[in-house]
There are 2 protein chains.
Amino acid sequence: MVLTVRDHELCALLVKRGEAPFKGYWALPGGFVRPDEGLAEAASRELAEETGLRAQTAPGQVLAGQNPFGAHLEQLATYGHPQRDPRMRVVSVAYLVLAPDLPSPRAGGDASSARWAPVSELFGEDRNDGELLAFDHGQILADGVERARSKIEYSSLATAFCPPEFTVGELRRVYEAVWGVVLDPRNFHRKVTGTPGFLLPSGGTTTRQGGRPAQLFKAGGATVLNPPMLRPEA
Amino acid sequence: MVLTVRDHELCALLVKRGEAPFKGYWALPGGFVRPDEGLAEAASRELAEETGLRAQTAPGQVLAGQNPFGAHLEQLATYGHPQRDPRMRVVSVAYLVLAPDLPSPRAGGDASSARWAPVSELFGEDRNDGELLAFDHGQILADGVERARSKIEYSSLATAFCPPEFTVGELRRVYEAVWGVVLDPRNFHRKVTGTPGFLLPSGGTTTRQGGRPAQLFKAGGATVLNPPMLRPEA
DNA sequence: GGAATAGTGTCTCTAAGACATTATTTG
DNA sequence: CAAATAATGTCTTAGAGACACTATTCC
């Protein structure tokens with residue numbers, strides 16, 4: 001499953017199923033592992049086929065990786081309930097991709113059958129239509145969103161949602177979108193710039209948000225944040 | 001894979017392979033999923049068959065669960081490198097079990113082919129013999145140990161290593177064994193007794209450690225610790 | 001008594017949260 | 001000019017770490 005932040009909202013990539021079962025339902029993109037490829041390799045290949053995005057694990061890393069584009073890919077969980085597919089026993093190894101805002105989804109050339117769905121529309125308070133995803137993909141989506149929400153607390157993974165260069169304000173809006181909260185800009189700025197290895201000044205400035213020009217940063221090498229960025233309580 | 005704490009050390013359950021490939025090597029216990037059972041169900045069944053321990057996920061919980069015995073079972077990760085088994089393509093869904101100290105391992109009736117191995121002997125500084133596990137089980141073990149080490153930071157999962165009733169000192173020794181550090185008893189006591197929902201006084205006291213009698217506790221309902229129990233840095 | 005463990009209290013310092021204030025752009 | 005965003009600074013308070021000290025058992 002692919003998550004991104006668009007228009008200040010956390011969004012998941014969905015594709016419309018063209019065949020039974022669950023024909024016409026929205027589902028998470030996926031496919032089958034080839035006999036001679038690894039699991040992460042297969043996830044990366046399917047992702048490229050369906051969205052054109054390149055994300056792959058670093059060699060030797062079993063569970064997670066970061067690619068040159070900044071997109072992040074990691075194994076989420078494996079789902080194997082005997083009746084999760086009405087046709088036959090299917091075991092799915094779900095992978096989670098965190099990507100910067102992408103131009104537009106294109107599902108194997110068929111643009112009408114793919115979309116970015118705000119996760120707040122799929123579950124939570126804003127859910128107005130009770131739309132259900134195919135198979136157990138609602139559960140997989142919920143697990144992936146929770147993984148993303150908790151992982152940006154104690155890692156620098158939120159930068160995977162940002163373009164190669166970004167401002168502190170843009171990074172803050174990522175946190176706000178993923179957590180669905182409002183953060184104090186001043187305390188946030190002090191926190192992220194004060195955490196060694198989180199942000200690396202790239203020298204430039206930008207004014208694309210209006211207002212005073214903001215300093216541009218790249219993701220620093222740090223992967224673990226200590227102390228963590230605490231998610232505000234309910 | 002099953003982890004426990006014995007003699008102030010974090011230990012993993014290993015079984016000796018009686019057949020090729022890797023005949024005579026130590027390996028993590030495991031087995032095959034039956035056509036009509038779930039993944040966690042299969043892990044729970046194999047565990048009971050090989051050790052007599054009962055651990056199962058609570059119904060509806062996909063990723064983790066807690067059973068009446070206090071043993072905890074959760075999905076760890078899935079390993080599917082094409083050449084991880086020299087015979088054929090095998091995809092393994094690893095489950096992690098955290099259990100209190102068990103009487104003695106018995107592997108399907110054959111006691112000589114199962115043992116509790118301190119993880120410090122399998123990797124890390126203390127590793128004196130360079131013993132290797134079968135297949136990629138060394139990697140799986142490392143991933144499981146890291147999961148346990150990080151998870152007791154922000155959850156009450158350390159109680160899964162304890163008997164149903166335990167003292168603050170026993171819980172502290174669990175943290176010390178899993179992290180391989182020494183903690184201040186006074187600060188630890190203040191921290192765990194001050195975290196609401198972590199510990200529930202059971203009324204009794206015990207003197208099994210010598211010294212002044214200690215109050216006995218049960219695991220409280222809390223699963224998430226906020227603020228977390230911080231692991232001391234290197 | 002001495003050794004061991006349990007439990008409470010006190011001090012310091014880091015860092016989070018709640019603000020004020022100044023700086024620099026666009027409209 | 002006003003409005004928006006960026007960046008820095010100040011105050012308060014919660015909580016972690018480093019201790020001293022008392023309590024209660026077994027030997």
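Just so it is clear: chains get the letters A, B, ... in the order the sequence lines come, proteins before strands, and each one is counted from 1.
B:Gln215 places its CD atom 14 Å from the C1' atom of D:dA23, with the value rounded to the nearest Å. The nearest whole Å value for the distance from the CZ atom in B:Arg173 to the C1' atom in C:dA6 is 10 Å. Spacing between atom CG of A:Asn187 and atom C1' of C:dA20 amounts to 12 Å, rounded to whole angstrom units. Between the CZ atom of B:Phe166 and the P atom of C:dA6 there is a distance of 13 Å, rounded to whole Å. Atom CZ in B:Phe217 sits roughly 10 Å away from atom C1' in C:dG7 (whole-Å rounding). B:Leu183 has its CG atom 16 Å from the C1' atom of C:dT5, to the nearest Å. Computed from coordinates, the B:Asp184 CG to D:dA16 C1' distance equals 11 Å when rounded to whole Å. The separation between B:Tyr154 atom OH and D:dA16 atom P is 18 Å, rounded to whole Å.
Listed for the B:Glu170 side chain is a donor-acceptor partner under 3.5 Å among the backbone atoms of B:Thr167. Here the side chain of A:Glu153 pairs no donor or acceptor atom with the backbone of A:Pro228 at under 3.5 angstrom.
In this structure, A:Pro163 and A:Pro100 approach most closely via the heavy-atom pair N-CB, 4.2 Å. Residues B:Gln75 and A:Thr78 come closest through the heavy atom pair OE1-N, 2.7 Å.
Closest to the side chain of A:Arg172, from the set D:dA6, D:dA16, D:dA7, is D:dA6. For B:Arg186, the side-chain atoms get nearest to D:dC21 when compared with the rest of D:dA7, D:dC21, C:dA15. Side-chain proximity of B:His189 to the nucleotides C:dT8, C:dA20, D:dG15 is greatest for C:dT8. Distance from the side chain of B:Pro213 is smallest to D:dT24 among D:dT8, C:dA15, D:dT24. The side chain of B:Leu230 has D:dA16 as its nearest neighbour among C:dT8, D:dA16, D:dA7.
Judged by atom type and distance alone, B:Arg190 does not reach the base of D:dG15 through any side-chain donor-acceptor pair under 3.5 Å. Counting atom types as modelled, B:Arg212 pairs no side-chain N or O with a base atom of C:dA4 as donor and acceptor under 3.5 Å.
Side-chain N/O atoms of B:Lys191 include one lying less than 4.0 angstrom from OP1 or OP2 on D:dA16.
Between atom CD1 of residue B:Ile152 and atom CG of residue B:Leu98 there is a gap of 9.0 Å, rounded to the nearest 0.5 Å.
In terms of position along DNA chain D, the nucleotide closest to A:Ala214 lies nearer the 5' end than the nucleotide closest to the other residue of the pair A:Ala214 and B:Gly211.
Contact annotation for B:Pro185: no contact, since no heavy-atom pair falls under 4.0 Å across all strands.
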